Structures are given as structure tokens and as C-alpha cells.
Amino acid sequence: MNALTKHMHPGWLIIAPLLALVTLLYLGPILNILWLSVTDPEPGLGNYAKLGESDALLRIVWTTVRICIITTLFSVTLGYSIAYAMVHCHQRQKSYMLTLLLVSFWISILVRTFSWLMLLGRKGLVNVTLEDIGLIAEPIAFMRNELGVLIGMIHYMIPYAVLPLLVSMQSLDTRVMDASRNLGASGSQTFWRIYLPLTTPGLVASTLLVFILSLGFYVTPAVLGGGKVLMVAEYISVQLLVTLKWGTAAMLAALMLFGVLAMLWVMSRFMKLSTVFGGAAR
Amino acid sequence: MSDSNQVGSLQVRGVSKYFGEFRAVNDINLDIRNGEFLTLLGPSGSGKTTLLMMIAGFLGITKGDIALDGSSITDVPAEKRNFGMVFQGYALFPHMSVRDNIGYALSVRKRPVSEIKNRVDEMLDLVQLNDFADRKPGQLSGGQQQRVALARALCFAPPVLLLDEPLGALDKKLRVEVQEQLKDIHRRVGTTFIYVTHDQEEALSMSDRIVIMRDGAIEQVGTPKELYERPINEFTAGFLGKSNFIRANGKIFALRPEKIDLQLGTGHPDARSSGVVRSVTYFGSMHRVIVDTGGGDEIEVDIDVWRNSESLSAGDSVDLLWNDAAAVELQTG
């Protein structure tokens, strides 16, 4: 530490005000939330104890975790194939695909959520068409349930899953795959023994990103779940705005924060997080 | 597939590779003998790497045929050709230990674990990396990585080993050392080596035969000595070592700088040419003297340092002498 201050780059002085501001604006609110969770309505761990007492709360947490896991699984798997296709197709097609990927970032989550409602709702395009051609008698319940939430969330998350994977695949030395073939490995052997292990950092980064973003999902479950699928974020907002139990809301927020930190910690036991977040591998 | 009766001679028949309109390799015919150390030498863009990649099976052939011991392999995919290859930059598997890298070819062939272990140990001996078996490639020096790549490519006893500028990433001193090791390994394993390089010194010191390529075609094939002593055209003479070109009676001759003798003063009875010294450069083992022979022509002469050319300096008049045999007539046009 001493050595660090001695050799501190003068550039730090220039960015110090910004650094202080960011620290203040990030740490302040977070500490405030943590503080609220143990002081409102009365000091103590009463808010956390509610987790053990209330089945409803536990169910909400479990629903959230389940939906996030399924969303992550599908988004990352589909994202992996999309990224793979993008890396291996011609430059021209690749730039088309990249453009489409970026466009999906520009479209508001509200628009994307309501489009699903129009497509897959009871009176949506798909159900009406299927009824018209006589394939089904009753509309299929795509929406206003967990399936609807999953469809909406996976659709929203796929571009996020693709980007870290794309970076990871593009930085691979293709000669390594050539070497594997040259040594007699079949395509699938090369994939499982060389390609997949070498893209694992990208896979982990993609998984973490999608899972953490999914945890905080609010609009999609609210609209596509039709009130039947209650996730933590929506519950927090109800506690804040309707029932005014800020202590419970803060407790849940803190829980999510600790959950994410715990996940990062577990990951760091298995691999260097710096490789996942784009640091040098060696 | 890798039968022991494969001996490793390659026949390249009229092979061409076009990239659109561009002819990267144009109608190459070449017989590569079993067990020889053959070097494809040429400047970048000469098609030498393209030819190697077609032999390896990574690039398709536009026209022609490649055969191993007489049977065509043109339609055999890269993973079924059983050719070892040392890639430019080595292309080691960064997530595997040295041992797993070397054993990879046997492991994907599902050989028993004990066999793989024994063979890898043999290979580690061959390249003297026994102490590094459990390291990852990232923890090795460039020279050590190069040896891992070599051991990995030789582990499954391929009939032919392809080497794509394997020493390009090493510094000059290390390169000379590794050249010796490579030659030694070639002698011990007896496999056919096909070696791609743009470094003429490397080619001269290591090869049994050299193929000089330019613009996708073969310029000349021969032993290092044949090519150095009897280049057939200006390109070969100029690419392999240094050469003076002397025009006389509509003919053109190549004359190596070290085969010219230089005498101070003019009027020597056997002088073939004379001129004025323009510069003398000290190179440690020799002096390089540039002589202006008039009419804008220059002749380069290398003189051994022991002849003490201290006395020689720019502006001196000198006579130049050489044997008839030293001047090699070249094809023109």
C-alpha cells in the first residue's frame, strides 16, 4: 500500500473529484438501503426474520430465482449459437447480424413486452390465426403466466448474452482449432475439448450478466405475468409505493445485492474473475 | 489409418489455387522424397504457405492432385490426413498442460492411457522438456513452446511433418540453436519434413533440398549447394545470398561477392575489371567493399578481414579478379 501511494500517478489527482462523486453517489444510497433494512420500522433484524416467517415472501424469492435460472439457461444457450454463427459466417452477414443485435438494444423494453402481448395474447395474432385455420378450439395460454414471463425475458436477454460470448469467440486464435483438426480430432471433439473450454470465460461472463440483470426485472413480469407471477422487483415496488413498508423493501434489495456478491465470490473460487471481465488471461 | 507401411513421399501434380482472379499457386509439380528435409523458400506472397496449407488439407485445391505414396489425398479432410504440423505462432492449446498438448493426437484417437503416457514421455525426452510436463504453454519461453509444438506434431508418428515458419517468433541467437535441434530431431525420427520459410540462411543450413518460389510458381529446385553455386536466374541468385550481376555480350552472369579477389592499384595482368572503391564496411568476419566500375555499375566484393584491408579506403583504384567458373551464366528474360 505504501509503495502504491509513493508511486501514485499524478493522473489520479485529476480524476479524484469524479471518483469521489461516483463513490458518494453509489455508496451513499446503498448504505442507506442497508441502514433502512435494519432500522425500519424498528431497529434489529426483524425484517430479515420475516423471510423465515412468511411463506409468501419465500415463494416470491423462489419464483424469482427459478425464473432467472431458466431465463439464463435459455438465453445463454441460444446466445452461444448466435454468437457462434456470427463469428463463423461471412463478414457481410456478420455486420447485418450485429446491426440487428444492436437495434434490439434501442427498442424500449415496454415496446418489446407489449409486442409479445399482441402476438401471443388470447386475442393475439398467433392464437387468432390458429383458431381460424381450425388447429385449436381454445386459445393457448401463452401470456399471463410464467411461460409468458419467460418468453419475454429470454427474448430481452438474448442480445445481452450474445455480446460477451461474441467478444470471447472473436479473440480466439483460429489456428488452435486448425491444430486440433490437424492432430486428428473430429469437429465435435474439437468443440468439446478446445472450443468450449477456451470460450468458458465468455460463457461465465454471459451467464453472470444475464442472471444479475434478470434478478431486477420489473416491467416484463408485471405485464406478461398478468399479476400471477410476482418477482422480487415488483414486490419491492409494491412495498415502496402501496404498503409503504420500506424496511421490507430495503431488506429484499439488500438480499439481492448479497445474492449477487455471493455468486461472484463463488465464481472467484473457480476462476479468475479478471479473465471473465476481459482482463488478461495470464 | 496411420499404417507403418506409409513411408511419406508426396507427389504434387499440377496443383493450382485461385482466390477469385488471383492465382496464389499456379501449376506446381513437385516430388517430395521420403525422409527428406525439403524447404519451400520465397518472399511473402510467393504462395509457399498456400501450398503448405493445401498439403495439410486446410485449403482446397482449385486444380491438380496431391498424392501420398502414390495414392491421392486431395479429397481426404485435414483431420484424416495424419500429417503433423507446426504452426506459425505454434497454436498450442492454452488451457492444457504440456503433457496434454503433446498427447492430444493420441487422446482423440482413444488410445489407452498407459500408451499415451509412455509415448508422451518419449516425446518429452526427444525435445528435452521433461521438467515442464505439467506447465501450461503460457508459462514457457518461446523456444520451449516451439519444442512443445514439435513434440505435439510428432507424437502420433506422422509420415510427413509440415512446418510453417516455426522459428519466425524467436530471436536470432535462439533461432540458430533451434535450427540445430530441428536438424537433429529430423535425423532421429526420419520423418519427411516440409519446411516453409522466407529466411534464406535457415533454408541453406537445414535443408536437403530447397524449392524457391515466386508469384505462386517454382523458380528452381535443388540442394542448397546447387542453388547457391548454380542459380538459374537473377531471382534465385539474388534471393539466396548476395550476388553481383555482370552483363557481357548480351549474356548475364551471377558473381558472388566472396568469389572476387581485389588488388590495390591498376594494371594487374589477370584483371577482369577495375574501378574505384566507393565504400568499405566492416562486418566483423569480413569487409564489404563497393567498387564503382564506371558507367553507374557497382560490384560488391567481400574480403576476409585477415587480409587487413585497413589500408583500403574510398577513392582507391583497384583491380578485380575472378575465375571463369565463379561467374554463372543466367537465363535471361
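Since the model is a prediction, treat every value here as computed from it, not as a measurement. Proteins come first, then strands; the chains are lettered A, B, ... in the order of their sequence lines, and each starts at number 1.
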- Message: Taking R99(B) first and then D121(B), would you say they form a salt bridge - that is, a charged N and a carboxylate O separated by under 4.0 Å?
- Response: yes

- Item | Contacting moiety of L92(B), where chain A heavy atoms sit under 4.5 Å | backbone

- Give the ring-plane orientation class for F58(B) versus F87(B), where under 30° counts as parallel, over 60° as perpendicular and anything between as tilted. tilted

- Item | chain B neighbours within residues 172-183 of chain A, where any heavy atom lies under 4.5 Å away | R175(A), V176(A), D178(A), A179(A), S180(A), R181(A), N182(A), L183(A)

- Query: Taking atom types as modelled and ignoring hydrogens, do the side chains of D134(B) and S97(B) form a donor-acceptor contact shorter than 3.5 angstrom?
  - Reply: no

- Parallel, tilted or perpendicular: which fits the ring planes of Y195(A) and Y80(A), with parallel below 30° and perpendicular above 60°? perpendicular

- Message: According to side-chain hydrogen bond (donor to acceptor under 3.5 Å, both in side chains), does anything in residues 44-60 of chain B pair up with another residue at least two apart or in another chain? List the pairs.
- Response: none

- Let me know if I194(A) has heavy atoms under 4.5 Å from chain B in its side chain, its backbone, both or neither. both

- Give me the one residue out of V196(B), L162(B), V25(B), L59(B) that meets side chain to side chain contact (heavy atoms under 4.5 Å, CB included) with M53(B). L59(B)

- Message: Given the ring of F93(B), does R152(B) sit roughly above its face, with NZ or CZ under 6.0 Å from the centre of the six-membered ring and within 45° of the axis?
- Response: yes

